[in-house]
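Start at 1 with the first residue, then count along the sequence.
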Amino acid sequence: MNQSTKAYRSAIVHSLGDPAKVGLENSVEYFEDGLLVVENGLVKAVGHAQELLPTLAENVTVTEYQRSLIVPGFIDTHIHFPQTGMIASYGEQLLDWLNNYTFPAEGKFEDRQHAKDVAERFLTELLRNGTTTALVFGTVHKESVDAFFEVAEGYNLRMIAGKVLMDRNAPDYLLDTPESGYQDSKELIERWHGKGRLHYAVTPRFAPTSTDEQLAIAGQLLHEYPDLYMHTHLSENQKEVEWVLELFPDRSSYLDVYQHFNLLTERSVFAHGIHLCDEECQQLADKGSAIAFCPTSNLFLGSGLFNLPKMEQHGVNVGLGTDVGAGTSFSILHTLNEAYKVMQLQGEKLHPFKSLYLATLGGAEALRLDDKIGSFANGKEADFVVLDYQATPLLDYRMQQVKSLDENLFVLATLGDDRTIFETYAAGRCVYQRG
Ligand code: GUN
Ligand code: ZN
């Protein structure tokens, strides 16, 4: 065990709660000249440098950053690692996009070496964007998930992933069966779930690509292992919703399909949820399930505008997702920029404190990991990012005009991207340095 203590001096900000619940003023803690003290990979203290520096033992190294901001590591609550190589595929909405681009790309993950290469590239990309935790789709091949977890384990990242379950309505080369899907998932759960910082998610792709039999088996897995995640897509595209209602004529709504097979738990995360009715939102809230809001994907595929205030009204947990490869950026900062515009198009605002919350603590709460990550509360894992105010000439110039914390955060989210990430730390260890 590494018994070392290290300290990082910079401006520091973290989220204390959802502004919709605790109010804007109580939702953040900011130290203009702050100190983050890390011991054995965990947060030991955060506060004003002047107060904490005298408490440090003499041998503790203090790393100082100028014109920088330390924030908790970003949390991406929905992303597909096998779609890294087909990001930015032209011209289609969801169902044609899946058939024309996604399925052929995912077919290649039968090859274990390919899966390993892409997993390495994917995780490198997450870290250079400041993302330290993600909820990740694999492909139908169990090898894809082995490859992903092997690489994630090497960086000691807190990550959640699962093998896709899909036994119909896709090319033969991507189909499993209820039985093989069950066996392969079980094998992966036994191998990876709870190993180090890794967790397993039962991952039916979406209702149209699983039979009743397979959805029932997904529910059975959740019953057998109560702390597993459940990760799928929900109500993303109008044609998709119509197709689901045709495929499951006995169900009252898209969400009711998942509910019928016992897939709504406190650890269930549904990507998108754009076209949900009030009843579905209430059902999500009652079950403690979460929605991943994926603005770049929703705009890119022309899926629609996510109604965040509606989710707040019903008390649904919401995290932020990039949804690469339908999403067009790995950057959570860039994703916040697009989230703001999605709200503007609906006559709503996205306050920078809410943005900070969604990108960090809100994601942790959606994933039920807020006892471990998402803020700098004592004892949490020291996953953090150093943002550079001088990353580009324009950002540098604009940041010099900033007069308040909310303006500071808004400019970072609006102009920021991978260039803004100076360093990324996971469990107290530096896992990315720019340049
Ligand atoms: N619905 C089913 N599969 C997918 C996928 O891979 N991406 C997105 N955005 N939606 C889906
Ligand atoms: Zn997706």
Side-chain angles (χ1 to χ4, degrees), residues 78 80-83 86 89 92-110 115 136-145 161-189 200-224 228-264 268-273 275 301 303 323 325-326:
H78 178 68
H80 301 251
F81 102 81
Q83 296 176 13
M86 45 88 46
S89 291
E92 307 294 1
Q93 294 212 349
L94 177 65
L95 300 177
D96 292 323
W97 174 86
L98 283 172
N99 285 317
N100 297 349
Y101 299 114
T102 316
F103 292 155
E106 293 193 6
K108 295 187 203 152
F109 285 72
E110 194 186 4
V136 181
F137 258 68
T139 64
V140 72
H141 316 95
K142 67 179 171 191
E143 294 78 8
S144 72
V145 176
K163 177 206 112 68
V164 171
L165 299 168
M166 47 195 298
D167 66 347
R168 65 167 172 171
N169 291 324
D172 285 347
Y173 61 81
L174 274 186
L175 296 183
D176 58 5
T177 66
E179 181 56 22
S180 75
Y182 175 77
Q183 289 301 340
D184 289 353
S185 301
K186 216 171 158 81
E187 212 182 283
L188 290 164
I189 292 161
Y200 193 82
V202 174
T203 309
R205 175 168 222 117
F206 66 157
T209 48
S210 286
T211 58
D212 282 32
E213 214 181 340
Q214 185 166 60
L215 292 172
I217 268 175
Q220 190 184 323
L221 282 166
L222 296 178
H223 186 70
E224 284 178 38
L228 286 180
Y229 288 88
M230 202 292 299
H231 186 197
T232 191
H233 296 92
L234 169 68
S235 207
E236 173 179 8
N237 167 289
Q238 210 62 261
K239 287 201 175 120
E240 170 211 16
V241 177
E242 288 161 21
W243 192 25
V244 169
L245 296 178
E246 277 168 33
L247 289 169
F248 299 90
D250 295 339
R251 305 274 65 90
S252 60
S253 68
Y254 193 158
L255 187 66
D256 186 46
V257 175
Y258 294 135
Q259 167 58 28
H260 179 75
F261 294 103
N262 299 315
L263 301 183
L264 270 71
S268 298
V269 179
F270 298 91
H272 310 300
H275 307 287
L301 292 182
S303 303
D323 194 27

Sidechain-backbone polar pair: [X] side chain, [Y] backbone, donor-acceptor under 3.5 Å:
X    : Y    : value
S268 : L263 : yes
D184 : K142 : no
Y258 : A207 : yes
D96  : E92  : no

Does the side chain of [X] come under 3.5 Å of the side chain of [Y] through a donor N or O and an acceptor N or O?
X    : Y    : value
Q238 : E242 : no
E179 : Q183 : yes
H80  : H78  : yes
D212 : H260 : no
D176 : S180 : no

Counting only heavy atoms not in K186, do more than 12 fall under 6.0 Å of its NZ?
-> yes
If you draw a 6.0 Å radius around CD in E213, do more than 12 non-hydrogen atoms from other residues or ligands fall strictly inside?
-> no
Atom [atom1] of [X] and atom [atom2] of [Y]: how far apart are they, to the nearest 0.5 Å?
X    : Y    : atom1 : atom2 : value
W243 : N169 : CH2   : CG    : 4.0 Å
R205 : F103 : CZ    : CZ    : 5.0 Å
H141 : E110 : NE2   : CD    : 5.0 Å
S185 : Y200 : OG    : OH    : 4.0 Å
H223 : I217 : NE2   : CD1   : 14.0 Å
T139 : K163 : OG1   : NZ    : 7.5 Å

For the ring pair F81 and F109, is the centre-to-centre distance below 6.0 Å?
-> yes
Where do [X] and [Y] come nearest, in terms of heavy atoms and distance?
X    : Y    : value
D167 : S210 : OD1-CA, 3.2 Å
T211 : R168 : N-NE, 3.7 Å
V164 : G138 : CG2-O, 3.2 Å
Y254 : L245 : N-CD2, 4.0 Å
E143 : A115 : O-CB, 4.4 Å
V202 : A218 : CG1-CB, 3.7 Å

Check: [Y] and [X] side chains under 4.5 Å, non-hydrogen atoms:
X    : Y    : value
M230 : P204 : yes
L234 : F206 : no
F137 : S144 : no
L264 : F270 : yes
E224 : I189 : no

In sequence, state the C-alpha distance, the side-chain angles, and the governing distance for H272 and N237, and then conclude on side-chain hydrogen bond (donor to acceptor under 3.5 Å, both in side chains).
-> CA-CA 9 Å; H272 310 300; N237 167 289; over 6 Å; no
